Chemist: 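Questions regarding the structure given below will be posed in turn.
Just the heavy atoms: all of them, side chains too, but no hydrogens, waters or symmetry mates, feed the values below. Here the structure is a predicted model, which is why all the values come from computation and not from measurement.
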Amino acid sequence: MSKGTLFDKVWDLHTVGTLPSGLTQLFIGLHLIHEVTSPQAFAMLRERGLKVLFPQRTIATVDHIVPTENQARPFVDTMAEEMIQALEQNCQENGITFYNIGSGSQGIVHVIAPEQGLTQPGMTIACGDSHTSSHGAFGAIAFGIGTSQVRDVLASQTLALSKLKVRKIEVNGTLNPGVYAKDVILHIIRTLGVKGGVGYAYEYAGTTFEQMNMEERMTVCNMAIEGGARCGYVNPDQVTYDYLKGRDFAPKDADWDQAVAWWESIKSDADAEYDDVVVFDAGEIPPTVTWGITPGQGIGVNQLIPKPEELLEEDRFIAEEAYSYMDLFPGQPIKGTKVDVCFIGSCTNGRISDLREAAKIAQGRQVAEGVKAFVVPGSERVKKEAEAEGLDKIFQAAGFEWREPGCSMCLAMNPDKLQGRQISASSSNRNFKGRQGSASGRTLLMSPAMVATAAIKGEVSDVRDLLTVDG
């Protein structure tokens with residue numbers, strides 16, 4: 001197996017052949033679908049008289065368009081209702097497992113697959129959603145794909161892809177209090193740039209990632225795509241196996257021991273060769289907030305918005321655009337920026353550990369007057385677990401709304417949208433213009449604990465101030 005990285009091993013094991021174009025035809029072990037990118041793909045199959053080749057390798061859920069306040073059917077939004085109906089019909093006709101609302105297992109596609117043990121080390125995974133890179137936390141190679149590629153996987157269970165280079169991103173040391181996985185990935189993207197990973201798979205390594213739990217690793221891998229990488233992964237280890245053991249689709253009994261032995265064998269070798277290596281010190285990473293219109297435009301919460309002359313020449317044009325759009329000024333502190341809406345959720349930060357950290361901040365405090373704050377669990381299972389722990393009560397007592405599972409205001413293909421020029425403190429993954437449902441709305445990305453802090457203070461604030469009060 002060439003080079004000895006996990007990426008190369010998994011790629012080689014799933015290679016069906018080399019196409020005349022020079023692209024690799026790669027077998028896809030697990031195909032995840034949702035209501036947004038699949039209807040056209042199924043229509044293309046019907047036009048060609050094709051069937052889904054391996055329906056048992058495809059799993060569906062509904063997430064992007066579901067309302068999080070009232071999920072009664074039919075949906076008020078007729079287009080959303082049409083999309084869920086199409087998915088229901090396509091799954092029924094093709095024998096595909098569908099985790100619908102009320103099944104107990106519905107939720108954001110990148111939350112439900114890991115929590116059920118569908119996502120496992122050494123797999124190739126594809127989904128018509130850019131944040132499929134999340135699944136790399138398990139030592140899987142996971143690609144976000146477009147609608148025509150969704151069609152290809154449904155029809156052939158393969159994808160035509162170019163082989164990627166591998167960059168090892170090593171972070172060593174212990175994170176300071178108030179610094180979370182979200183800060184780590186925002187810091188990496190800020191340093192390497194939103195295009196830094198183009199043509200690469202990112203392997204996240206080092207003692208910092210070894211200390212992270214699986215949900216923290218998922219947060220980091222989730223945003224590999226925001227740094228330009230096609231996928232990101234962490235080598236599987238005991239943390240991975242402990243998380244997977246006993247889950248619905250995890251191997252059982254003797255199969256378990258055999259699986260772990262194989263998972264161990266696909267890890268990157270100690271002497272593996274990389275195309276590039278970048279090293280970070282965890283102790284130098286601050287609580288991080290984006291100030292601009294790309295995930296790379298981030299700064300420490302106590303830092304000033306950069307001046308054009310402090311930026312690389314190629315970054316100045318987008319910075320000028322960001323100053324104008326965000327109504328922020330070079331040299332201005334990001335701390336103290338007023339917020340209107342605070343959103344905790346998304347495939348980046350809608351898991352149980354994210355909600356626990358945010359609840360620690362919310363407990364015994366009150367959302368600032370005039371701020372709309374809401375919490376959207378990543379899945380029905382996360383919601384059930386959070387309610388069993390009383391997290392919903394903590395949030396509601398503090399003045400947060402407690403919602404039903406869905407993608408919510410991350411992409412805002414549902415009723416959860418910013419209005420006008422509102423500023424959102426968001427635990428999601430993208431701060432592009434118009435991303436959260438308003439053509440002029442503004443998004444500041446940060447960790448769930450930082451979002452909760454902003455909700456309490458009514459402005460961008462340092463979570464460490466509240467942790468100090470608690471501590």
Side-chain angles (χ1 to χ4, degrees), residues 6 10 28-34 57-64 97-99 103-144 181-182 185 204 209 212-225 231-252 256 259-260 263 266 345-357 376-386 405-407 410 427-429 448:
L6 179 143
V10 174
I28 299 301
L30 175 65
H31 187 201
L32 302 167
I33 63 171
H34 56 81
R57 289 188 177 272
T58 302
I59 299 289
T61 192
V62 58
D63 53 10
H64 286 66
T97 299
F98 177 37
Y99 295 112
S103 65
S105 298
Q106 175 265 338
I108 304 173
V109 66
H110 310 310
V111 176
I112 69 159
E115 73 185 5
Q116 294 188 40
L118 284 160
T119 303
Q120 295 175 20
M123 293 179 88
T124 48
I125 300 174
C127 175
D129 185 281
S130 49
H131 295 100
T132 307
S133 52
S134 309
H135 304 268
F138 290 80
I141 302 302
F143 303 102
K182 181 68 158 285
I185 188 59
Y204 298 107
F209 296 116
M212 284 185 183
N213 64 37
M214 288 309 298
E215 298 191 347
E216 292 169 319
R217 295 176 185 184
M218 282 186 253
T219 293
V220 172
C221 291
N222 174 274
M223 290 187 67
I225 193 80
C231 64
Y233 67 89
V234 178
N235 280 295
D237 59 11
Q238 196 58 47
V239 175
T240 320
Y241 313 146
D242 290 346
Y243 177 94
L244 277 171
K245 191 158 192 179
R247 293 190 184 265
D248 308 40
F249 290 93
K252 305 287 188 288
W256 173 259
V260 171
W263 295 338
I266 58 156
S346 84
C347 61
T348 314
N349 282 127
R351 297 178 180 84
I352 189 67
S353 57
D354 299 311
L355 306 192
R356 286 175 186 145
E357 291 301 325
V376 184
S379 71
E380 291 180 345
R381 293 191 185 191
V382 171
K383 182 171 190 277
K384 187 178 178 182
E385 191 172 354
C407 292
C410 175
S427 70
S428 58
N429 43 52

Chemist: Regarding Y99 and E380, do their side chains bring together a donor and an acceptor under 3.5 Å, going by distance alone?
Modeler: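 E380 and Y99 do not have a side-chain donor-acceptor pair below 3.5 Å.
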
Chemist: Would you compute the distance between atom OG of S353 and atom CE of M218 and round it to the nearest 0.5 angstrom?
Modeler: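 It is 8.0 Å, given to the nearest 0.5 Å.
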
Chemist: Under a 4.5 Å cut-off applied to non-hydrogen side-chain atoms, are V382 and P405 in contact?
Modeler: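 Not touching, per the 4.5 Å side-chain cut-off.
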
Chemist: Side chains of V239 and R217: closer than 4.5 Å at any heavy-atom pair?
Modeler: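 Of all side-chain heavy-atom pairs linking R217 with V239, at least one is under 4.5 Å.
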
Chemist: Quick one: are F209 and N235 in side-chain contact, heavy atoms under 4.5 Å?
Modeler: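 Side chain of F209 against side chain of N235, heavy atoms only: no contact under 4.5 Å found.
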
Chemist: Do R381 and Q116 have side-chain heavy atoms sitting under 4.5 Å apart?
Modeler: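 Yes. Closest side-chain heavy atoms under 4.5 Å.
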
Chemist: Roughly how far, to the nearest 0.5 Å, is the CD1 atom of I185 from the CE atom of M223?
Modeler: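 Interatomic distance, M223 CE to I185 CD1, rounded to 0.5 Å: 6.5 Å.
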
Chemist: Nearest 0.5 Å please: distance from the CG atom of L30 over to the CD1 atom of I125.
Modeler: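 The CG atom of L30 sits 5.0 Å away from the CD1 atom of I125.
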
Chemist: Without hydrogens or angle criteria, can the side chains of H110 and D129 be said to hold a donor-acceptor pair below 3.5 Å?
Modeler: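 Yes, side-chain donor-acceptor contact under 3.5 Å.
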
Chemist: Determine, step by step, whether N349 and S427 satisfy the side chain to side chain donor-acceptor pair (under 3.5 Å) criterion, reporting the C-alpha distance in whole Å, the side-chain angles of both residues, the deciding distance to 0.1 Å, and the verdict.
Modeler: CA-CA 6 Å; N349 282 127; S427 70; 4.8 Å; no

Chemist: Please verify the inter-ring angle class for W256 with W263; under 30° counts as parallel, over 60° as perpendicular, anything in between as tilted.
Modeler: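 Aromatic pair W256/W263 classed perpendicular.
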
Chemist: Give me the atom names and distance for the closest heavy-atom approach of C231 to I141.
Modeler: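 In this case the closest contact between C231 and I141 is SG-CG2, 4.0 Å.
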
Chemist: Please check this pair: side chain of K245 against backbone of Y243, looking for a donor-acceptor N/O pair closer than 3.5 Å.
Modeler: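 Flag not set: sc K245 to bb Y243 has no pair under 3.5 Å.
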
Chemist: Main chain of G128, side chain of H34: is a donor-acceptor contact present, judged purely on distance under 3.5 Å?
Modeler: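 Confirmed, H34 side chain pairs with G128 backbone.
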
Chemist: If we only count heavy atoms from C-beta on, is the H135 to F143 side-chain gap below 4.5 Å?
Modeler: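 The answer is no, as the side chains (C-beta and beyond) never meet within the 4.5 Å cut-off.
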
Chemist: When rounded to the nearest 0.5 angstrom, what distance separates CD1 in I112 from CG in D248?
Modeler: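 The CG atom of D248 is 10.5 Å from CD1 of I112, to the nearest 0.5 Å.
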
Chemist: Side chains of Y233 and V10: closer than 4.5 Å at any heavy-atom pair?
Modeler: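 Not in contact.
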
Chemist: Once you round to the nearest 0.5 Å, how far does OG of S379 lie from CD of Q106?
Modeler: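 Here the rounded value is 8.0 Å.
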
Chemist: Just by modelled atom types, is the F249 backbone N or O under 3.5 Å from a matching donor or acceptor in the Q120 side chain?
Modeler: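 Confirmed, Q120 side chain pairs with F249 backbone.
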
Chemist: Going from OG1 on T119 to CG on L32, what distance comes out if it is rounded to the nearest 0.5 angstrom?
Modeler: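 With rounding to 0.5 Å, OG1 (T119) is 6.5 Å from CG (L32).
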
Chemist: Is there side-chain contact between M214 and R351, with heavy atoms separated by less than 4.5 Å?
Modeler: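 Not touching, per the 4.5 Å side-chain cut-off.
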
Chemist: Do you know the tightest heavy-atom contact between C410 and S428?
Modeler: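 Minimum heavy-atom contact is SG-CB, 3.7 Å.
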
Chemist: Kindly indicate whether the side chain of F98, heavy atoms from C-beta on, has any atom under 4.5 Å from the side chain of S103.
Modeler: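 Side chain of F98 against side chain of S103, heavy atoms only: no contact under 4.5 Å found.
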
Chemist: Taking all non-hydrogen atoms of both residues, which atom of D63 and which atom of G107 are closest, and how far apart?
Modeler: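 Shortest heavy-atom separation between D63 and G107 comes out as CB-O, 3.6 Å.
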
Chemist: Check N213 against E215 and note the closest heavy-atom contact, atom names and distance.
Modeler: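 Heavy atoms of N213 and E215 come nearest at OD1-N, 3.0 Å.
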
Chemist: On a heavy-atom basis, which atom in P121 and which in T240 lie closest, and how many Å separate them?
Modeler: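 Smallest interatomic distance, heavy atoms only, reads CG-CG2, 4.1 Å.
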
Chemist: Which heavy atom of S134 sits nearest to which heavy atom of N222, and what is that distance?
Modeler: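 Scanning both residues, the minimum pair turns out to be OG-ND2, 2.9 Å.
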
